[in-house]
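I have placed the structure first, in the form of structure tokens, so that the comments after it can refer back to it.
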Amino acid sequence: MNLQYKPQEIEKKWQKYWEVNRTFSSRLKKDKEKYYLLEMFPYTSGSIHMGHVRNYVIGDVLARYKWMRGFNVLHPIGFDAFGLPAENAAIEKGIHPREWTYRNIKILEGQLKQLGISYDWEREVITCDEDYYRWNQWFFIKFYKKGLVYRKKALANWCPTCRTVLANEQVINNRCYRCGSLIQQKELTQWFLKITEYAEELLEEIENLAHWPPTVKKMQVNWIGRSEGMEIKFKLTENSVEIPVFTTRPDTIFGATYLVLSPHHPLVKEAIRKNVKIEKEVERMKREQLIKGDVEKRGIISGLWAINPVNEEKIPIWIANYVLMEYGTGAIMAVPAHDERDFEFAKKYGLPIRVVVSPPYWNHNQNSLKEAYMEEGIMVNSAQFNGLSSELARKKISKWMFEQKMATHKVNYKLRDWCISRQRYWGTPIPIVYCSRCGVVPVPEENLPVKLPFDVQITGKGGSPLKKIDSFVKCLCPKCGREAVRETDTMDTFVDSSWYFLRYASQRGDHLPFTREEVDYWMPVDQYIGGIEHAVLHLLYSRFFTKALRDLGLVKVGEPFSRLLTQGMVIKDGAKMSKSKGNIVDPGQMIKEYGVDAVRGFILFAAPPEVDLEWKKEGLEGIYRFLNRVWRLVTSNLRIKATYEGERQWKFWKFEKIYSSTKNKEEIELQRMIHKTIKKVTEDIEQRFHFNTALASLMELVNFLYGYSFKGSLMYKESLQVLLLLLYPFTPHICQELAERTGYRGDLSKHPWPEYEDKFLKKDKVTIVIQVNGKIRDRMVIPISEGRETVEREALNRERIKRYIQGKSIKRVIHVPLKLVNIVAG
RNA sequence: GCCGAAGUGGCGGAAUUGGCAGACGCGCAUGAUUCAGGGUCAUGUGGAGGUAACUCCAUGGGGGUUCAAAUCCCCCCUUCGGCACCA
């Protein structure tokens with residue numbers, strides 16, 4: 001038998017063992033408590049990086065721990081396999097996207113298996129498989145029938161590099177989330193999923209997500225951007241046509257000195273008809289609105305006038321570039337005194353500014369305002385509402401306008417519908433046919449899937465590659481049977497990832513994407529782990545999808561993920577690892593040098609999961625040293641085996657000594673150390689995912705075991721066994737190998753997790769800190785049974801303490817039992 | 001600009017409920033190992049002062065609450081993240 005720690009050998013051995021024995025495959029077992037653990041699946045680009053490794057290793061600790069806890073664990077893996085990089089590879093290397101993708105999957109599978117993660121590989125999901133994407137189409141049709149899918153012409157985010165449109169969520173700082181190119185606005189007809197229909201529920205249920213990171217929840221709240229206010233109807237002076245405007249500040253309506261229309265507002269055409277001279281300026285403003293970001297405010301008088309319903313005042317209507325058509329009604333009432341944008345605009349064009357909410361410092365001079373006053377104050381210039389606080393006036397004016405039918409209550413959301421059309425090849429074809437006679441016709445369910453054709457030329461030029469495939473485009477109308485054409489756009493790949501967790505749970509439905517029974521058993525995901533970059537992308541889409549599927553009667557749950565852990569990045573030299581910075585650390589190389597257990601151990605030890613992790617080779621070496629220490633500790637005490645009742649094989653370790661009382665002083669201390677460590681490791685895994693401190697306490701245990709005097713004892717042997725059990729979720733291969741060498745037969749993941757008992761944690765003596773006026777001056781060791789008076793008397797009698805309280809009177813003695821005594825003297 | 005998170009030794013980080021600041025690891029130093037190196041083992045390691053016992057200072061900065069603050073409150077600084085004409 002090899003006495004040296006050779007990680008590469010034992011790791012291969014056990015990975016094979018797990019695969020052959022299907023150790024981690026899971027079945028529906030209704031009598032057992034389930035635990036669905038999920039990590040965000042990888043995209044099928046070249047190879048896995050340290051970020052993936054971190055994600056999956058964190059998950060694996062929990063999975064193996066839960067197995068040991070007796071849960072029926074589901075821990076699946078698969079691949080996010082549709083997407084643009086496959087097409088880019090086709091352009092650059094002339095390789096077909098499908099071939100490129102499956103070739104990468106093979107590589108990734110190998111790399112993932114090298115990490116020794118406890119996946120149930122039998123449930124692997126690959127989103128570009130026909131058997132998967134057909135269900136995207138099936139959902140699309142279901143949504144279509146329910147009115148959750150629609151087509152509209154609208155300004156869309158166009159990425160010139162990816163040559164496709166993007167959803168709002170995929171535009172970060174006006175750049176493409178994938179390639180970083182500046183986004184252009186283009187008016188195009190696209191398919192949308194009606195996520196806004198669920199805006200209210202998506203928002204409301206955020207607060208029920210008790211185990212989601214507050215930052216993610218906050219980001220979703222902001223993204224949905226609910227705002228409550230009034231829609232007020234202004235009328236044109238000439239023909240009483242209504243112009244509704246949205247405001248959250250109805251209390252400021254008496255301060256409205258003009259209205260502003262977005263250049264895209266329908267009334268603008270009317271204004272141009274009357275005064276052609278403004279057309280050029282309007283067109284210019286439209287162009288300016290295509291660029292997001294800081295553009296100087298610009299406007300023009302429309303020539304139209306409106307009546308303020310509350311005071312019958314005639315006010316001018318402007319057209320300006322700072323009013324968006326996509327939000328509210330595309331028109332606003334401008335209250336320059338109390339809105340900074342209107343203020344800026346009014347100053348530029350010399351428009352009247354009328355204070356209606358008086359600031360506390362205000363001198364009642366209407367021209368004295370230096371900037372818009374946006375806080376609360378006392379109402380002025382507001383007829384019957386003068387003198388009220390603006391807060392109260394907001395309610396009263398709303399109520400009054402509502403009764404007078406001048407306005408209605410209104411809630412607006414920043415959230416926009418999800419644009420899912422992509423002008424790309426490598427994705428799910430949108431199952432729609434356009435017939436010159438019947439119009440837009442959804443492909444009937446029984447005709448699904450609409451297969452993605454294999455024979456394609458991907459050049460990167462022109463429109464969608466599918467457009468050029470006649471055999472795909474030309475088809476017969478499912479309704480009338482005449483010649484028709486297919487939709488050539490494919491779906492956003494975020495559709496794929498919006499329900500893959502359901503497919504993991506059940507893959508057996510022939511007529512359905514999954515069986516209700518299995519999905520209802522496994523869902524929701526008990527713990528989801530992934531990067532924070534999906535806070536408002538994948539995580540919001542998946543929540544929406546789950547709710548929509550629930551309303552279609554396909555699943556029971558309305559929220560997919562009960563607990564979410566967003567892990568930090570892996571960085572090197574203070575920056576995210578990237579090719580351009582040349583600071584990439586290859587996981588494969590590290591595994592080759594130190595073994596995967598050391599890589600896992602380092603990742604888990606160097607930082608708690610939610611913060612960024614700085615990659616340090618020295619740190620990795622530290623863990624490698626630790627694993628060697630464990631290895632030597634156990635292998636050098638192997639001979640103990642013979643002393644253990646001569647047993648040669650056993651499946652479960654039955655601990656006799658560490659759970660029974662002893663009078664031996666050394667043993668009592670060892671026992672306490674063991675139970676303390678069990679407690680610490682259990683709580684760190686269970687409550688906080690603080691694997692770094694769990695490992696630290698295991699290191700302390702190892703240090704302690706090194707220094708322990710009676711290594712031949714049975715309790716010592718049991719301690720080593722407990723060590724292997726506690727360490728197993730973190731670095732499973734070495735533990736499994738050492739367990740085998742100590743005679744254990746079976747898989748440690750099926751061995752019960754050790755339990756601690758409080759009675760073995762108790763010490764009979766404890767060190768008490770003695771403070772004088774809050775400063776530590778002495779310490780003493782006392783029996784824990786000692787009463788309050790005795791402890792305080794002892795403390796006051798200490799020589800060192802007497803020095804500090806000499807000549808002073810004792811005002812108070814604060815006594816925190818078993819911790820400290822603080823003497824307040826003066 | 002608005003919203004949010006974080007700031008602790010030379011470094012990564014610990015301190016779970018307001019109660020011993022710096023666990024554990026890296027690095028460094030000294031020693032041991034039938035002295036190449038490496039490995040391993042042992043000891044030490046926040047700063048300043050002192051021969052020493054010991055004293056003082058210290059959790060981004062300033063104030064406060066408290067017997068007691070890394071932890072709670074107020075102001076400010078720095079870094080990172082999100083949003084950005086959303087009326």
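The figures that follow rest on heavy atoms only: side chains count, while hydrogens, waters and symmetry mates do not. Chain naming here is simple, since letters A, B, ... match the order of the sequence lines and numbering starts at 1 in each.
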Suppose you measure atom [atom1] in [N] against the same atom in [M]; what distance do you get, rounded to whole Å?
{"N": "B:U40", "M": "B:G25", "atom1": "P", "result": "13 Å"}
{"N": "B:C85", "M": "B:C2", "atom1": "C1'", "result": "13 Å"}
{"N": "B:A14", "M": "B:G62", "atom1": "C1'", "result": "27 Å"}
{"N": "B:C11", "M": "B:G7", "atom1": "C1'", "result": "15 Å"}
{"N": "B:G22", "M": "B:G9", "atom1": "C1'", "result": "7 Å"}
{"N": "B:A52", "M": "B:C67", "atom1": "P", "result": "38 Å"}
{"N": "B:G46", "M": "B:A21", "atom1": "P", "result": "14 Å"}
{"N": "B:A23", "M": "B:A70", "atom1": "C1'", "result": "15 Å"}

Only one of A:M401, A:M333, A:K395 forms a side-chain contact (heavy atoms from CB on, under 4.5 Å) with A:P250, so which one is it?
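Checked A:M401, A:M333, A:K395 against A:P250; only one passes side-chain contact (heavy atoms from CB on, under 4.5 Å): A:M401.
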Classify the glycosidic conformation of B:C35 as syn or anti, calling it syn when the angle lies within 90° of 0.
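Syn, since the glycosidic angle lies within 90° of 0.
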Could you check B:G9 for me: syn (within 90° of 0) or anti?
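With its glycosidic angle within 90° of zero, B:G9 counts as syn.
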For the CD atom on A:E533, are there more than 12 heavy atoms of other groups (residues, nucleotides or ligands in this structure) within a distance under 6.0 Å?
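More than 12 within 6.0 Å, yes.
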Can you list the residues that meet the salt bridge (charged side-chain N to carboxylate O under 4.0 Å, His left out) rule with A:R563, with sequence neighbours excluded?
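With neighbours one apart ignored, the set is empty.
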Can you name the residues that form a salt bridge (charged side-chain N to carboxylate O under 4.0 Å, His left out) with A:K616, not counting sequence neighbours?
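Testing A:K616 for salt bridge (charged side-chain N to carboxylate O under 4.0 Å, His left out), a comparison that skips the adjacent residues, returns none.
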List the atom pairs, donor and acceptor, that lie under 3.5 Å between side-chain atoms in residues 604-615 of chain A and the rest of the protein, sequence neighbours left out.
unit_1: A:D612; atom_1: OD1; unit_2: A:M569; atom_2: N; d: 2.9
unit_1: A:E614; atom_1: OE1; unit_2: A:G574; atom_2: N; d: 3.3
unit_1: A:E614; atom_1: OE2; unit_2: A:D573; atom_2: N; d: 2.8

Counting any heavy atom closer than 4.0 Å, what does A:E344 reach on the DNA or RNA strands: base, sugar-phosphate only, or nothing?
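Contact class for A:E344: none.
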Taking any heavy-atom pair under 4.0 Å as a contact, classify A:G622: base, sugar-phosphate, or nothing.
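The residue A:G622 makes sugar-phosphate contact but no base contact.
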So, A:K347 and A:E344, do they make that salt bridge, N to O below 4.0 Å?
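Not counted as a salt bridge, because no side-chain N and carboxylate O are separated by less than 4.0 Å.
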Walk me through whether A:F192 and A:W418 qualify under ring pair (Phe, Tyr, Trp, His ring centres under 6.0 Å).
CA-CA 5 Å; A:F192 289 84; A:W418 174 13; over 10 Å; no
Test side-chain hydrogen bond (donor to acceptor under 3.5 Å, both in side chains) applied to A:D342 and A:Y322, step by step
CA-CA 9 Å; A:D342 298 339; A:Y322 76 99; 2.7 Å; yes
Side chain of A:N321, backbone of A:M285: donor and acceptor closer than 3.5 Å?
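Not a single qualifying donor-acceptor pair exists.
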Donor-acceptor pair, distance only, cut-off 3.5 Å: does the side chain of A:K233 make one with the backbone of A:I243?
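Side chain of A:K233 to backbone of A:I243: no pair is present.
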Please tell me which of the listed nucleotides, B:C24, B:C85, B:C20, lies nearest to the side chain of A:I776?
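Shortest atom-to-atom distance from the side chain points to B:C20.
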Whole angstrom value for the distance that separates [atom2] of [N] from [atom1] of [X]:
{"X": "A:K297", "N": "B:A87", "atom1": "NZ", "atom2": "C1'", "value": "11 Å"}
{"X": "A:I172", "N": "B:C83", "atom1": "CD1", "atom2": "C1'", "value": "10 Å"}
{"X": "A:L324", "N": "B:C83", "atom1": "CG", "atom2": "C1'", "value": "14 Å"}
{"X": "A:I801", "N": "B:C20", "atom1": "CD1", "atom2": "C1'", "value": "13 Å"}
{"X": "A:E618", "N": "B:G10", "atom1": "CD", "atom2": "P", "value": "18 Å"}
{"X": "A:N168", "N": "B:C83", "atom1": "CG", "atom2": "P", "value": "11 Å"}
{"X": "A:M699", "N": "B:A23", "atom1": "CE", "atom2": "C1'", "value": "12 Å"}
{"X": "A:H534", "N": "B:G81", "atom1": "NE2", "atom2": "P", "value": "17 Å"}

Which residues, if any, of residues 812-821 of chain A bring a heavy atom under 4.0 Å of RNA chain B?
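Here the set is A:R812, A:I814, A:V816, A:K819, A:L820.
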Which residues in residues 242-256 of chain A have at least one heavy atom lying under 4.0 Å from any atom of RNA chain B?
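The answer is A:F246, A:T247, A:T248.
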I want to confirm an ordering. Mapping A:G330 and A:T767 to their closest nucleotides on RNA chain B, which one lands closer to the 5' end?
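Whichever sits nearer the 5' end wins; that is A:T767.
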Between A:R226 and A:V536, which residue's closest nucleotide on RNA chain B lies nearer the 5′ terminus?
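Result of the comparison: A:V536.
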Heavy-atom protein contacts under 4.0 Å, nucleotides 39-57 of chain B, coded B base, S sugar-phosphate only, - none:
-SS------------SSSS
When you check every protein heavy atom under 4.0 Å of nucleotides 11-16 of chain B, what one-letter string (B, S, -) results, 5' to 3'?
SBSSSB
Centre-to-centre under 6.0 Å for A:F494 and A:Y177, is that the case here?
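Centroid separation for A:F494 and A:Y177: below 6.0 Å.
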Between A:I224 and A:L202, is the side-chain contact (heavy atoms from CB on, under 4.5 Å) condition met? List the steps.
CA-CA 8 Å; A:I224 294 167; A:L202 285 167; 3.9 Å; yes
Test ring-ring contact (aromatic ring centres under 6.0 Å, His included) applied to A:W212 - qualifying residues, sequence neighbours left out:
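Residues passing ring-ring contact (aromatic ring centres under 6.0 Å, His included) with A:W212: none at all.
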Not counting sequence neighbours, which residues clear ring-ring contact (aromatic ring centres under 6.0 Å, His included) with A:F343? List them please.
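ring-ring contact (aromatic ring centres under 6.0 Å, His included) check on A:F343 returns nothing, list empty.
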Side-chain H-bond candidate by donor/acceptor type, [X] with [Y], under 3.5 Å:
{"X": "A:Y327", "Y": "A:S262", "value": "no"}
{"X": "A:Q185", "Y": "A:N157", "value": "yes"}
{"X": "A:S390", "Y": "A:E376", "value": "yes"}
{"X": "A:D417", "Y": "A:T196", "value": "yes"}

Tabulate atom names and distances for all N/O pairs under 3.5 angstrom spanning the protein and nucleotides 1-6 of chain B.
none

Which of parallel (below 30°), tilted (30 to 60°) and perpendicular (above 60°) describes A:F704 and A:Y708?
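Rings of A:F704 and A:Y708: tilted, 30 to 60°.
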For the pair A:Y349 and A:W318, name the ring-plane relationship: parallel under 30°, tilted 30 to 60°, perpendicular over 60°.
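Tilted.
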Helical stems, RNA chain B - three or more consecutive Watson-Crick or G-U wobble pairs below 3.5 Å
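Stem segments, range with range: B:1-7 with B:77-83, B:10-12 with B:24-26, B:27-33 with B:39-45, B:46-49 with B:54-57, B:60-64 with B:72-76.
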N/O donor-acceptor pairs under 3.5 Å from side chains in residues 689-697 of chain A, not counting sequence neighbours:
unit_1: A:H690; atom_1: ND1; unit_2: A:R688; atom_2: NH2; d: 3.4
unit_1: A:T693; atom_1: OG1; unit_2: A:D684; atom_2: OD2; d: 2.8
unit_1: A:T693; atom_1: OG1; unit_2: A:H690; atom_2: O; d: 3.0
unit_1: A:S697; atom_1: OG; unit_2: A:A694; atom_2: O; d: 2.8

